[in-house]
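First up is the structure itself, then whatever we jot down about it.
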Amino acid sequence: MTKVLKVGGNQLEDAGFVAGLVAAVRGMVAAGDTPTIVHGGGKAIQVLQEKFAITPHKIGGLRVTDEQTMTLVMMALVGDVNIRLTGAFVAGGVEAQGFSGADRGLLRSQKMDHPDGDLGRVGR
């Protein structure tokens with residue numbers, strides 16, 4: 001059975017949490033499950049915004065993702081967080097493969113409307 005686990009970006013900055021996640025997934029695999037991890041990476045995105053002097057904008061607590069920010073989102077999620085998380089699984093004895101939602105059209109979304117303004121490239 002495939003189970004989807006959503007992990008927030010803040011939790012991924014906590015080495016203890018990641019070690020616990022790896023152990024939990026290892027147990028799931030041993031029990032015959034095939035977990036899929038969907039992760040965030042807000043902290044990594046924020047670090048890149050600071051490095052590139054891009055002021056983050058939020059509407060209703062959600063990040064506005066314009067084209068410039070989208071480039072940083074891809075760098076952070078695919079080029080940093082996904083690689084670190086996949087590496088943690090492999091180092092912990094879990095066979096893992098990292099993907100982005102763009103790979104093979106794996107994930108599809110629709111632009112999210114927000115009553116307080118345009119969120120840019122934010123979807124559901």
Side-chain angles (χ1 to χ4, degrees):
M1 170 189 257
T2 299
K3 294 184 179 176
V4 178
L5 305 174
K6 167 60 171 101
V7 182
N10 288 336
Q11 289 79 15
L12 295 177
E13 299 302 320
D14 179 343
F17 176 88
V18 172
L21 177 64
V22 169
V25 169
R26 189 172 46 246
M28 292 172 73
V29 170
D33 289 329
T34 307
T36 297
I37 313 298
V38 178
H39 64 81
K43 292 281 187 187
I45 296 166
Q46 182 180 344
V47 166
L48 284 176
Q49 285 178 312
E50 290 169 3
K51 285 183 180 180
F52 286 91
I54 296 172
T55 303
H57 300 285
K58 292 192 175 188
I59 295 176
L62 299 172
R63 178 183 299 106
V64 174
T65 306
D66 57 18
E67 293 303 317
Q68 187 177 35
T69 301
M70 188 66 199
T71 298
L72 300 182
V73 168
M74 290 186 289
M75 290 169 62
L77 296 181
V78 179
D80 178 15
V81 178
N82 190 289
I83 291 171
R84 285 190 288 126
L85 187 56
T86 301
F89 282 119
V90 171
V94 177
E95 189 174 318
Q97 172 68 54
F99 292 99
S100 79
D103 294 331
R104 299 190 72 190
L106 195 60
L107 298 176
R108 308 292 172 116
S109 65
Q110 294 178 335
K111 184 172 172 53
M112 184 187 310
D113 294 322
H114 195 283
D116 295 330
D118 184 9
L119 296 171
R121 305 246 340 241
V122 175
R124 48 177 138 210

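Owing to the predicted nature of the structure, the values given are computational and were not obtained by experimental measurement.
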Please check: side-chain N/O of Asp103 versus main-chain N/O of Ser100, any donor-acceptor pairing under 3.5 Å? yes
Identify the two heavy atoms, one from Phe99 and one from Asn82, that lie closest to each other, and give their separation to 0.1 Å. O-ND2, 3.0 Å
Closest approach of Val94 to Val22 (non-hydrogen atoms, all atoms of both residues): CG2-O, 4.0 Å
Other ILVMFWY residues reachable from Val47 by side-chain steps of under 4.5 Å: none
Between Val29 and Pro35, which heavy-atom pair has the shortest distance, and what is it? CG2-CD, 3.9 Å
Sub-3.5 Å donor-acceptor pair from the side chain of Arg121 to the main-chain atoms of Glu67, do we have one? no
Within-4.5 Å side-chain heavy-atom neighbours: Val7 and Leu21: yes
Can you find a heavy atom in the side chain of Val90 that is under 4.5 Å from one in the side chain of Glu95? no
Taking the hydrophobic residues Ile, Leu, Val, Met, Phe, Trp and Tyr, and joining any pair whose side-chain heavy atoms are under 4.5 Å apart, which ones share a cluster with Ile54? Leu48, Phe52, Leu72, Met75
Between Arg84 and Glu13, is there a salt bridge with N-O shorter than 4.0 Å? yes
Nearest non-hydrogen partners of Met112 and Leu62, listed with the distance: SD-CD1, 4.1 Å
Check whether Asp14 reaches the backbone of Gly16 with its side chain - one donor and one acceptor, N or O, closer than 3.5 Å. yes
Within 6.0 angstrom of Lys6 NZ, more than 12 heavy atoms from elsewhere: yes
Run the side-chain contact (heavy atoms from CB on, under 4.5 Å) test on Gln49 and Thr69 for me, step by step, so that the C-alpha distance in whole Å, both residues' side-chain angles and the decisive distance to 0.1 Å come before the verdict. CA-CA 8 Å; Gln49 285 178 312; Thr69 301; 3.6 Å; yes
Just how far is it from atom CD1 of Ile83 to atom CG of Asp80, taken to the nearest 0.5 Å? 7.5 Å
For Ala44 and Val81, the nearest pair of non-hydrogen atoms, with its separation, is CB-CG2, 3.7 Å
Less than 4.0 angstrom from a charged side-chain N to a carboxylate O is my criterion; do Asp118 and Lys111 meet it? yes
Answer yes or no: is there a side-chain heavy-atom contact under 4.5 Å between Val38 and Leu107? no
Non-hydrogen side-chain atoms of Val64 and Lys58 separated by less than 4.5 Å: no
Ile45-Leu119 co-clustered via ILVMFWY side chain contacts under 4.5 Å: no
Mind checking whether Lys43 and Asn10 have side chains closer than 4.5 Å, heavy atoms only? yes
Taking all non-hydrogen atoms of both residues into account, name the closest pair between Ala88 and Val18 and its distance. CB-CG1, 3.8 Å
